[in-house]
Each structure stands twice: as C-alpha cells, then as structure tokens.
Amino acid sequence: MTNIPALEADIAERRVRLARTLDELTAKATPSAIAKRQVQQAKARFADATTTPEGDLRVERVAAAVAVVAVIVALRVLRRRRH
C-alpha cells in the first residue's frame, strides 16, 4: 500500500519545482531579456570578427566594415538630396 503523506509531499515538491521552472521561463521570455541576449550575441560576433584569437585587432576587417558604413551613409545622403 502506498504512503499517502509521502505522495502528498512529493506532489507539493513537484508543484514548487514546476512553479520555479515557469518563473525562470517567464523571465527568459520577457522582451528585455531577449533583447539583452541578442545584444550580447551581436557583441560577441563583432568581437570574433574583428579580433584574432590572440586578441589582436584585425585592421583589414575593421576598415572594411567602416567602408561599408560610409557607403551606406553616402547613398542615403544622395537619396535625400534627390527627393
């Protein structure tokens, strides 16, 4: 025969764990938490792309990125002047 108080205690413990898990999932799913993770990932990707494994700056990649940004800005300025 099963021990009813032990089963009730087990159910109560599982409810607490489930509530904790739901709280953690809710916190991870908030827009601010998602945005924070995305910013961290973007920073990590940028750091990986612009530095060597030893931590040295990859000047050629940084220069290429700056050139792309300059071209985009120039195109936008030209479009605004035409309209």
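For clarity, every value in this text was computed on a predicted model and none was experimentally measured. Throughout, numbering of the chain's residues begins at 1 and tracks the sequence. For the numbers below, each heavy atom of this structure counts, side chains included, while hydrogens, waters and symmetry mates do not.
If you chain together ILVMFWY residues whose side-chain heavy atoms come under 4.5 Å of each other, F46 ends up in a group of its own.
The two residues T50 and L57 make their nearest non-hydrogen contact at O-CD1, 3.4 Å. Between A33 and A27 the shortest heavy-atom distance is CB-O, 3.3 Å.
If you run side-chain contact (heavy atoms from CB on, under 4.5 Å) between R76 and each of V73, L78, I72, only I72 comes through.
The structure places NZ of K28 at 11.5 Å from OG1 of T30, a figure rounded to the nearest 0.5 Å. Note that the CG atom of D23 and the CG atom of L18 stand 9.5 Å from one another [nearest 0.5 Å]. In this structure, CZ on R80 lies 12.0 Å from CG on L75, to the nearest 0.5 angstrom.
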Worked verdict on E13 versus R17 for salt bridge (charged side-chain N to carboxylate O under 4.0 Å, His left out): CA-CA 6 Å; E13 180 184 332; R17 284 196 320 240; 3.0 Å; yes
Worked verdict on V16 versus R20 for side chain to side chain contact (heavy atoms under 4.5 Å, CB included): CA-CA 6 Å; V16 169; R20 192 177 313 125; 3.3 Å; yes
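At most 12 non-hydrogen atoms from other residues, nucleotides or ligands lie less than 6.0 angstrom from CD1 of I4.
The closest side-chain heavy-atom distance from I34 to R37 is below 4.5 Å.
Note on residues 56-73: no pairs pass side chain to side chain donor-acceptor pair (under 3.5 Å), not counting sequence neighbours.
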